[in-house]
Amino acid sequence: MLTDEVKDSFLEELNGAQRQAVTSNAQRLLVLAGAGSGKTRVLVQRMAWLMTEHRVLPHQLLAVTFTNKAAAEMLRRIEKITGNASRLWVGTFHGLSHRILRLHAKEAHLPENFQIIDADDQLRLIKRLIQERGWDDELCEPKRAMGFINRQKDEGKRAQDVSISTLPDVAMFTELYRLYEQHCQRFAIVDFAEILLRVYELWRQNPDILAYYQQRFKHILVDEFQDTNTIQYAWLKLLCTQQNHITIVGDDDQSIYGWRGAKIENIHRFHKDFPDVVTIRLEQNYRSTSTILAAANALIAHNASRLGKELWTQGVVGEPLTLYGAFNEIDEARFIVERIRAWCHGGGSFEDIAILYRSNAQSRVLEQALRQANIAYRVYGGLRFFDRAEVKDVLAYMRLLVNIDDDTAFERVLNLPPRGVGERTLASIRELAQKEQISLYKAAKQYFPSIPLGRISNGLRQFFECIEDMLVQVKMLPLSKLTQHVLEKSGLMQYVKTQPGERTTARVENLHELVQAASQFHQSYDEMFEQTSYHSEDTLPSFLSEVALDAGDREATQESCIKLMTLHSAKGLEFPLVFLAGMEDGLFPHHRCLQDKALLEEERRLCYVGLTRAMRKLYLTYAEKRAFAGLSGVNRPSRFIDEIPSQLIEAMNMNAKIMMPQTSSPKRIALNDDLPFRLGQRVLHQRFGEGVIISGDGSGETARVQVNFANEGRKWLVLAYAKLEPVE
DNA sequence: AACCATCGACTTTTT
DNA sequence: GTCGATGGTT
């Protein structure tokens, strides 16, 4: 445990508010932790404090995070302080819920071998169900259907709970939801949202099980509380009793996941549900210069609905923010490269630097410029390891070995590598499966004898032989050997090697990496259960679950390179030098958010997150003209720039004379003050109806605007001819 | 059944 | 500009 010496030293290093938060005896504690205020540290130390001062045992603590990365980091730090955290429950909502489902599979009405499917597989399944139901996927768009189903689940609703609606879409989606529920239940598959909903229902229906967890967890701690959705809140609330304690940590100003169901209101709800909440604000920032904080504070002050919080620092004033208005996106990239060079000339290093942007598509031009300048960079947030197609293919074979009724896995690998069993054959198998109400694999087996000898029958036999051989090997080989075997026996490795394309090497490497991952998992599994598993029967199901719930951030931490990522993925990180690129109305704030006050406030919070990533120096850049999505548009600098006090910003115009072609100067006049139109303006057109101006071009008689019409889509209109009327 | 060309769409992302 | 889906061709 903790020595007194260590204990004293860690309390000494805390400021007043932090110490209060660490040592509070409140039963319901809310810590409003601003960016860079030492939030994780407080959480970790509070847990250490509880374990020492209040003799709370490790297994009586529950710590919930949103990402595996955050959970791993927290665990690492607790272990470092206390030396023993093995029985501590630290994990994501999904990870913890999954653990509970495995422990109580029977009571949760799930078979032991249930498997988790990811969003990709979920979409495939939904597509298939739409087809089977005989609906047109133009009418019943799979993506929207999936969104609907997941939204219902996130709200805690089953198909039967969805209120009857006269809207045709809702009725259709609800019916699909019911079919989807049936399918998943019958074939033992569980999607991400289901994991949480199942545990919630398990607790509701089994008071004894709930009571066990309520009594066991004396202290519950939740990180990033502003990102909880309805079901997560309900999940937590069930665990809370008069006897146990809960600490929630969050920052309403950094809530940027409203679009996927996160509810800031949960913080208010917490106050309502627990009248005795003690609130502590962590407002001292240890990250940024006071100039950067002043900018961030001023920006976020424009949001109406806030709990209120203002960051301050004892640190230096630092340099002003630098604003650069580029002629176009290429010029913007060039400017950034030039500033990176200057930074490194001044003794800075590449790893200090991050370029942040609103949408992934912006990275391309930046990457080009960086490559040209020979600057090492890494783009974050691409496809994650376990999402790579070739990796998922192998995993699909392995999923079939655990659950032969896993239709999604079956469909994925039936003809992979190609063995002559195509769409037609699959359709026949599907038909039989639906008629007999059996899984695709069983249907295929049944269907097989009726096929005339030939290419198709050969291919199918080959497939069966392959699967049956693997089913035997599961009982013989350890996990890594089995993975290797699946790679060879399926012919996937061979196939990937012979496929043309530049990515061949990377794909082969990924497959080797997967064997490596399996081997690692195997080892840690054996360590955990103090045994040696000679075959994969036990380890494979856990491996697959782990893989499904873990994005696999196994990227080698690059040496010295600059980082490119979206503002969303930058949350929680910090960099000495930050560029916020693409500060243009329409891009950031995104044009889809311009109309709606709540959405605009979320964009502003996103900007706040961006600003507060910077420790020492912050650049804001925008491009007057940007080629985006194939067409070029003229943009106004982001309104967020106007919301930062101008004395904090220094405008910089590099080589303005050379780089700005003459055509660029009168451009913005068309959309400026003298005309009744501006970007984001709602307008009415006689024929096309109502729409929103999304960009403009030219001036005077040739001035034209691009309007996004509700019914007609995007159109370019010359102002002189199209009689547009502004709409309030 | 497998491959290639053309068309259109296009925030943000974890589990 | 790039990815994915679709449709026609071999």
Side-chain angles (χ1 to χ4, degrees), chain A residues 64-71 91-98 116-123 127 137-138 141-143 150 153-154 190-196 224 227-229 231-232 255-262 329 356-365 367-368 380-384 386-387 389 415-427 454-456 459 499-500 545-553 565-572 582 586-594 599 602-603 605-607 609-610 626-632 694 708 713-714:
Chain A
V64 192
T65 63
F66 269 82
T67 65
N68 291 303
K69 203 173 146 200
T92 62
F93 276 104
H94 292 85
L96 297 164
S97 297
H98 171 246
I116 299 164
I117 56 167
D118 64 14
D120 192 52
D121 291 330
Q122 190 187 16
L123 187 64
K127 273 183 188 159
D137 52 3
E138 299 253 302
E141 290 169 60
K143 283 228 173 83
N150 288 338
K153 289 193 181 192
D154 286 345
V190 166
D191 62 44
F192 288 135
E194 182 75 25
I195 299 175
L196 301 186
E224 306 277 16
D227 288 337
T228 51
N229 64 27
I231 190 75
Q232 286 159 345
S255 159
I256 55 175
Y257 286 107
W259 52 274
R260 65 179 198 216
E329 74 277 10
L356 310 181
Y357 37 78
R358 175 67 234 265
S359 69
N360 283 312
Q362 285 171 256
S363 77
R364 212 193 81 250
V365 182
E367 285 182 67
Q368 257 166 21
Y380 285 74
L383 260 193
R384 278 176 301 278
F386 290 121
D387 285 340
N415 198 31
L416 202 100
R419 32 172 98 80
V421 187
E423 206 47 49
R424 298 282 296 253
T425 317
L426 182 59
R455 194 177 48 165
I456 297 176
Q499 279 300 96
S545 306
E546 159 132 336
V547 157
L549 290 176
D550 177 11
D553 255 351
M565 65 185 89
T566 62
L567 287 154
H568 281 91
S569 33
K571 192 167 98 165
L587 224 203
F588 189 37
H590 196 271
H591 67 80
R592 289 196 190 174
C593 305
L594 257 31
L599 292 180
E602 182 154 314
E603 294 284 290
R605 291 192 292 269
L606 189 57
C607 187
V609 167
R626 181 181 294 273
F628 206 66
L631 32 90
S632 74
I694 55 175
N708 195 10
R714 294 174 181 183

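Labels below follow one simple rule: chain letters A, B, ... track the order of the sequence lines, proteins then strands, and each chain is numbered from 1.
- Taking atom CG on A/D227 and atom P on B/dT14, their separation rounds to 12 Å, with Å as the unit.
- For B/dC10, neither phosphate oxygen OP1 nor OP2 lies less than 4.0 angstrom from any side-chain nitrogen or oxygen of A/S359.
- For A/H94 and B/dT15, the ring-to-base geometry does not satisfy the stacking test (centroid distance below 5.5 Å, interplanar angle below 30°).
- If you measure from atom CZ of A/R424 to atom P of B/dA2, you get 13 Å, rounded to the nearest angstrom.
- Nucleotide B/dT15 holds its P atom 16 Å from the CG atom of A/D191, rounded to whole Å.
- A stacked arrangement is assigned to A/W259 and the six-membered base ring of B/dT12, with a centre-to-centre distance below 5.5 Å and an interplanar angle below 30°.
- The distance from atom CG of A/N360 to atom C1' of B/dT11 is 9 Å, rounded to the nearest whole Å.
- For A/T67, counting side-chain heavy atoms from C-beta on, the closest listed nucleotide (C/dG1, B/dT14, B/dT12) is B/dT14.
- Across C/dG4 and B/dT13, the matching P atoms stand 16 Å from one another, rounded to whole Å.
- Look at A/R384 and you'll find a side-chain N or O under 4.0 angstrom from OP1 or OP2 of B/dT14.
- Map A/T92 and A/R455 each onto its nearest nucleotide of DNA chain B; the residue landing nearer the 5' end is A/R455.
- Of the listed nucleotides (B/dA2, B/dT13, B/dT15), B/dA2 has the atom at the smallest distance from the side chain of A/N415.
- Salt-bridge check for A/D118 with A/R384: failed, with every basic side-chain N at 4.0 Å or more from each acidic carboxylate O.
- Looking at A/L123 and A/K143, their side chains come closer than 4.5 Å, going by heavy atoms from C-beta outward.
- Summarising the geometry, the separation between CZ on A/F588 and P on B/dC10 is reported as 21 Å, rounded to the nearest angstrom.
- Both A/D387 and A/A361 lie near DNA chain B, and the one whose nearest nucleotide falls closer to the 5' end is A/A361.
- A/D227 contributes no side-chain N or O that, together with a main-chain N or O of A/A262, makes up a donor-acceptor pair within less than 3.5 Å.
- Distance CG (A/D120) to C1' (C/dG4): 12 Å, rounded to an integer number of Å.
- In this structure, the side chains of A/Q232 and A/L196 come closer than 4.5 Å at one or more pairs of heavy atoms.
- Of the candidates B/dT12, B/dT15, B/dA2, the closest approach to any side-chain atom of A/L549 belongs to B/dT15.
- Minimum atom distance to the side chain of A/R364 is reached by C/dG1, of the listed C/dG1, B/dT11, B/dT13.
- A/Q362 comes within 4.0 angstrom of no nucleic acid atom, judged by non-hydrogen atoms across all strands.
- When heavy atoms are screened at a 4.0 angstrom cut-off, A/E602 is found touching no nucleic acid atom at all.
- Counting to the nearest Å, the P atom of B/dT14 and the CE atom of A/M565 are 12 Å from each other.
- Going from atom NZ of A/K143 over to atom P of B/dA9 covers 12 Å, rounded to whole Å.
- For the pair A/T566 and B/dT13, the criterion of a side-chain N or O lying under 4.0 Å from OP1 or OP2 is met.
- Taking CD1 of A/I195 as the reference point, atom CD1 of A/I231 lies at 12.5 Å (rounded to 0.5 Å).
- B/dT12 adopts an anti glycosidic conformation, its chi angle falling more than 90° from 0.
- Comparing B/dT15, B/dT11, B/dA1 by their closest approach to the side chain of A/R592 singles out B/dT11.
- Picking from B/dT13, C/dG1, B/dT15 the nucleotide with the shortest atom distance to the side chain of A/R260 gives B/dT13.
- At a threshold of 4.0 Å, the pair A/E602-A/R605 counts as salt-bridged, since one of the basic side-chain nitrogens sits closer than that to a carboxylate oxygen.
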